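Notes follow the structure.
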2 protein chains.
Amino acid sequence: MTTNGRAPQRGTRRTQNASMADVARVAGVSSQTVSRVSNGFPGVNEETRDRVLAAMKDLGYRPNSAARALKRGDFRTIGVITFTLSTTGNMRTLEAIATSAAQEGYAVTLLPVAVPTQDEVRGAFSRLGELAVDAVIVIMEVHLLDSASLTLPPHVKVVVADSDAGDRYAVVDTDQAGGTRDAVRHLLDLGHRTVWHLAGPSESFAAQRRTDAWRTALESAGRAVPPPVRGDWSAESGYRAGLRLAEQADCTAVFAANDQMALGLLRALDERGRRVPEDVSVIGFDDIPDSGSFLPPLTTVHQDFAEVGRRCVESALRQVRESEAERGTTLVPTRLVVRESTGRAPRGPGGGSFRP
Amino acid sequence: MTTNGRAPQRGTRRTQNASMADVARVAGVSSQTVSRVSNGFPGVNEETRDRVLAAMKDLGYRPNSAARALKRGDFRTIGVITFTLSTTGNMRTLEAIATSAAQEGYAVTLLPVAVPTQDEVRGAFSRLGELAVDAVIVIMEVHLLDSASLTLPPHVKVVVADSDAGDRYAVVDTDQAGGTRDAVRHLLDLGHRTVWHLAGPSESFAAQRRTDAWRTALESAGRAVPPPVRGDWSAESGYRAGLRLAEQADCTAVFAANDQMALGLLRALDERGRRVPEDVSVIGFDDIPDSGSFLPPLTTVHQDFAEVGRRCVESALRQVRESEAERGTTLVPTRLVVRESTGRAPRGPGGGSFRP
DNA sequence: GGCTGCTATGTTTACGTAAACATTCGGTGG
DNA sequence: CCACCGAATGTTTACGTAAACATAGCAGCC
């Protein structure tokens, strides 16, 4: 292509971007007219518009978003602050956020927090203050937010995903309680006398709420509440916890707080010779893409991360546009996905005790 | 709106951010001095500096990054363009990119491409032209890039992750061939006569390269090359392919192009009563966090996504700073992780006869 | 004592855009 | 025929920052 063989004509030296002024010069109009064309304003002569467009194309003109942002006072950008992307949930949420934002003409800027300490979070928030961002979506355990929030520049709108700061910020959350209730009911309906619980880390609000809901569901059904076993979300921790659960002879049903721990649990049970679902039923939470391929395919509570992401963006942009902060919580419903890891309670103990 | 209705005291209505001028007024200095303090320049009197800092704090001053970018001519931002985040690899790479970029004072902006068509990609690239970005990292199958690349503004630097556009852009890639070779050798060393292959989708360059390397490794060892079975990276597709592989009586070793397909494969084999690793050895690729908890724990080729991300940022920033495009490929080595899904070839008919 | 050279600070200007305001011009109605 | 209108376009200005240049004050030196 003849792009810039030797700089034949005028200013081909285009080492920086062309500006409106450049376009204006080439098109023989004022830069204001270029601006009008650029922003699709009416009231520009057809022929003039064409000339301007030609000049733009010719020069490879792109509007400078910094100048635009400076002039307009907003950035058309949403920041996402998150501790780790390494969980399916965060990742899927992020993806939905990015997509929704793009549809609205907003860009998404990532704000990683290396270590989940208050200092780190506070640091991220204050970096964010200097960042070109109109709103922030926080995907994180909320108690880390508690004292960090104060340093936020006042005009930045905040949405918190999967947490519970409903009194201070807009929150979009999965219906943890509902999903948990469904899971426990499912198991009780299958004839299990009670449901054990492989809980997530205590620092996590999501985990905590699943645990609370599990306890409530059992209590309201008048069942015994076994002591929960705690993991850290990882499959490995699920395995370790699973080894302990496998020793509880009367454990016939386990509600794992996420699918990965359920995976580890399945391995532990297999290793200890307890069959799933014949001896023990296992249910997870999340419905990660792989869970249908576990051994056996995992019954689990499906979370609609994409919807969470969408609603986060929705709330963020509503706040930006109406320049008014929102509060309160939006719940996104879950859906029970029954696969093969849950089944009727084993015969045995119906009356008495059974030990393998 | 009391915006500027009566302006009670001086600008207490702080609906917008304070600017340098505001700080300067409060501190009783010129805005240039504020700038110097803000940027940590030397040559400012200790006492003056303190006064300015106090005023900043007082007003909650934050530098306006749009204005800064406009003045400086760069954005301190890297764009990441990617088709999907839903794969562990992309996600981990992204996370590493975000972290490395943050360390260098760069923000990361996400540029999602909904559907992997050329038009979509081209669209993303041209949106990107208007975006406040100094460099772009592309995480995507490269052939979609082929004709889209041209629309990129000339001064935006490009790095391509996990692909092979080494002649046109800087590329950072995992050493697919090396990892594959290790995997195949490992299986052959265990006495398997040959290694079957559960391949990734044909559109994927990474998949293609793993397939090529697998073939080469077998050929150079003088072994037969069974027809590869193709999946689409998902566990489900691995399961379906696995059902077919399970019927090949002479199939004692399978190299799956990623861990998720290996997961599905494990399930298919289990379902068909073929034990792993006693009857069939399975090896994966990626080393996703869960793979150690599969049934059995998966032997796999570990990819250092974090390193890939780091090097992407490194190259991107180098290009930005030296304002000179790079080319060529950087390979990040892999590491074989031996767990329990691979074992010695079964006794069977193999004893000695194998045909090349 | 006047000049040099340095430090601390102030003033001007430009970055690219777009709102607000100004101008031109061909028509239209009283 | 002229005041007036609206359409098309031009001119001025401001957004917040920081580079470049300018100034003021003071110490040291011949």
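In this text, all values refer to a predicted model and were calculated from it rather than measured experimentally. We use all heavy atoms of the structure for the numbers below, so side chains are in, but hydrogens, waters and symmetry mates are not. Numbered from 1 within each chain, the chains take letters A, B, ... in sequence-line order.
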Query raised in the report: Going from CG on B:Leu110 to CG on B:Leu94, what distance comes out if it is rounded to the nearest 0.5 angstrom?
Result: 5.5 Å
Report summary line: Note: A:Phe305 and A:Ala96 closest approach over all heavy atoms is O-CB, 4.3 Å
Requested in this report: Measure from CZ on A:Arg25 to P on C:dG16 and round the result to the nearest Å.
Outcome: 11 Å
Query - d(CZ, B:Arg51; C1', C:dT9) in whole Å - result: 11 Å
Query raised in the report: To the side chain of B:Lys71, which of C:dT17, D:dA19, C:dG16 is closest?
Result: D:dA19
Requested in this report: Kindly compute the distance separating OG1 (A:Thr77) from CG (A:Asp134), expressed to the nearest 0.5 Å.
Outcome: 6.5 Å
Requested in this report: Can you sort out which residues in residues 27-38 of chain B have a heavy atom within less than 4.0 Å of DNA chain D? Ascending by number, please.
Outcome: B:Gln32, B:Ser35
Query raised in the report: Pairs in or reaching into residues 89-109 of chain A: which pass salt bridge (charged side-chain N to carboxylate O under 4.0 Å, His left out), with residues at least two apart or in two chains?
Result: A:Glu104-A:Arg321
Query raised in the report: Given atom CG of B:Asp74 and atom C1' of D:dA19, what is their separation to the nearest angstrom?
Result: 14 Å
Query raised in the report: Using a distance-only test with no angle check, is there a side-chain donor-acceptor pair under 3.5 angstrom linking B:Thr99 and B:Gln103?
Result: no
Query raised in the report: Would you say B:Asn64 reaches D:dC15's phosphate, i.e. side-chain N/O to OP1/OP2 under 4.0 Å?
Result: no
Report task. Please state whether the phosphate of C:dA18, meaning OP1 or OP2, lies under 4.0 angstrom from any side-chain nitrogen or oxygen of A:Arg68. Result -> yes
Report summary line: From CG of B:Asn39 across to C1' of C:dT9 the rounded distance in Å is 16 Å
Requested in this report: Would you jot down, in residue-number order, the residues of residues 40-50 of chain B having a non-hydrogen atom under 4.0 Å from DNA chain C?
Outcome: B:Gly43, B:Val44, B:Asn45, B:Thr48
Query - Pair A:Glu307 + A:Arg310, salt bridge at N-O below 4.0 Å - result: yes
Query raised in the report: Between B:Leu59 (CG) and D:dG16 (P), how many Å, whole number?
Result: 13 Å
Query - side-chain contact (heavy atoms from CB on, under 4.5 Å) partners for B:Ala67, two or more places apart - result: A:Leu70, B:Asn64
**Report entry** Contacts of A:Thr109 that satisfy side-chain hydrogen bond (donor to acceptor under 3.5 Å, both in side chains) - sequence neighbours left out
**Finding:** B:Thr109
Requested in this report: Can you tell me which residue pairs pass the salt bridge (charged side-chain N to carboxylate O under 4.0 Å, His left out) test with a partner in residues 33-50 of chain B, sequence neighbours excluded?
Outcome: B:Glu47-B:Arg51
Query raised in the report: What residues form a side-chain hydrogen bond (donor to acceptor under 3.5 Å, both in side chains) with A:Ser38, not counting sequence neighbours?
Result: A:Arg68
Return the polar atom pairs (N/O with N/O) between nucleotides 23-26 of chain C and the protein under 3.5 Å, or none.
none

Query raised in the report: How bent is the helix from C:dG1-D:dC30 to C:dG30-D:dC1, comparing axes over its five end pairs at each side, to the nearest 10°?
Result: 70°
Requested in this report: Using the test side-chain contact (heavy atoms from CB on, under 4.5 Å), find all partners of B:Ala21 that sit at least two apart in sequence or belong to another chain.
Outcome: B:Ser19, B:Arg25
Report task. State which residue, out of A:Val172, A:Thr330, A:Asp173, A:Ile97, fulfils the side chain to side chain contact (heavy atoms under 4.5 Å, CB included) condition with A:Val308. Result -> A:Val172
Query raised in the report: Whole-Å distance between D:dA19 P and B:Leu70 CG?
Result: 13 Å
Requested in this report: Under the side-chain contact (heavy atoms from CB on, under 4.5 Å) rule, collect the residues that match up with B:Asn90, sequence neighbours excluded.
Outcome: B:Thr82, B:Thr84, B:Thr87, B:Ile139
**Report entry** Atom pair distance, as rounded to whole Å: CZ in B:Phe75 and C1' in C:dG16
**Finding:** 10 Å
Report task. Please list, chain by chain and in numerical order, all residues satisfying side-chain contact (heavy atoms from CB on, under 4.5 Å) with A:Ala54, sequence neighbours excluded. Result -> none
